[in-house]
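Report on one structure; see the data block that follows.
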Amino acid sequence: MIFGGLEKTTLIDYPGKVASLVYTIGCNFRCPFCHNPELVDETVETRYPEEEILEFLKKRRAMVDALVITGGEPTMHGKDLLSFMRKVKTLGIFIKLDSNGTEPGVLRKAIAEKLVDYIAMDIKAPLAKYAKTVNHPVDTEAIKKSVKLLMTSSVPYEFRTTLVKSLTTPEDLEQIGKEIEGAEKYYLQKFISTKILNPQFRRKTTYDDEELEALRVKMSKYVKFCGIR
Ligand code: SF4
């Protein structure tokens with residue numbers, strides 16, 4: 001695989017672990033609020049072959065507990081992603097995978113082979129509004145399968161939604177709550193309007209702290225834990 005970015009150390013992307021982080025190139029969504037447009041449109045300039053990442057991880061093994069694989073959408077890389085994860089696992093490193101949930105088959109294989117130790121899946125919208133929100137056709141059955149897979153597997157996971165106020169209403173969140181009811185962890189993420197895919201979204205806002213807290217309380221009815229980031 002070829003990666004579009006490497007962060008040598010992150011303390012915030014894998015709960016409780018010191019991690020390195022790699023970005024995969026390409027995505028099958030076009031979320032207007034996306035923070036990594038150069039990965040989505042595949043114009044990213046600095047590229048890292050997987051051998052370079054593996055060599056880096058070998059040297060850093062004593063200092064980092066984990067690797068976070070984010071994107072772009074990592075699961076688009078299917079077999080190549082799974083092969084890379086197997087190689088990382090031989091180094092004895094934890095793996096967190098970020099995904100938009102469009103490839104439940106890849107998630108299933110990663111879980112079955114114990115290649116992944118934590119999965120963070122974006123819930124972009126209630127199912128009925130998915131395509132509009134991500135600005136791309138969506139197989140919502142695949143999203144449903146991924147949600148069910150995570151909720152029934154033994155791998156720790158979280159769901160999370162980035163909140164652009166004009167895009168995700170409180171009613172949408174209630175519907176999301178019904179669609180992920182019983183989930184372990186759910187995070188409401190503030191939208192930050194710097195470096196985004198659709199420049200028209202620069203003027204958009206997220207909910208203020210008071211509104212977010214009210215939404216957190218509301219969503220706590222549906223999930224075991226709801227947090228704000
Ligand atoms: S925010 Fe949307 S467009 Fe950007 S990488 Fe994630 S799924 Fe793809």
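Both counts, for ligands and for their atoms, begin at 1 and track the order of listing.
If you look at F3 and F84, their ring centroids are closer than 6.0 Å.
Taking a cut-off of under 4.0 Å to the non-hydrogen atoms of G72, the atoms of ligand 1 that pass are 5 (S). Residue-ligand proximity, F29 to ligand 1, at heavy-atom distances under 4.0 Å covers atoms 3 (S), 7 (S).
With 3.5 Å as the limit, one finds a donor-acceptor pair spanning the side chains of D172 and T169. Residues Q189 and T162 have side chains that bring a donor and an acceptor to within less than 3.5 angstrom of each other.
The aromatic rings of F201 and F191 stand perpendicular to each other, their planes meeting at an angle above 60°, with 30° marking the opposite boundary. Ring planes of F225 and Y187: perpendicular class, angle over 60° (limits at 30 and 60°).
Heavy atoms from both the backbone and the side chain of C31 come within less than 4.0 Å of ligand 1.
Nearest to atom 4 (Fe) of ligand 1 among the protein's heavy atoms is C34 SG, 2.3 Å. Looking from atom 1 (S) of ligand 1 to the surrounding protein, the closest heavy atom is K124 NZ, 3.5 Å.
Relative to the six-membered ring of F33, K204 misses at least one condition, a distance below 6.0 Å or an angle of at most 45° to the axis.
Surrounding NZ of K17 are more than 12 heavy atoms belonging to other residues, nucleotides or ligands, all under 6.0 Å away.
With distances taken over non-hydrogen atoms, the option nearest atom 8 (Fe) of ligand 1 out of G101, G26, P32, C27 is C27.
Using a 4.0 Å heavy-atom cutoff, N100 is listed among the residues neighbouring ligand 1. Using a 4.0 Å heavy-atom cutoff, V40 is listed among the residues neighbouring ligand 1. Residue contact check for ligand 1: H35 places no non-hydrogen atom closer than 4.0 Å to it.
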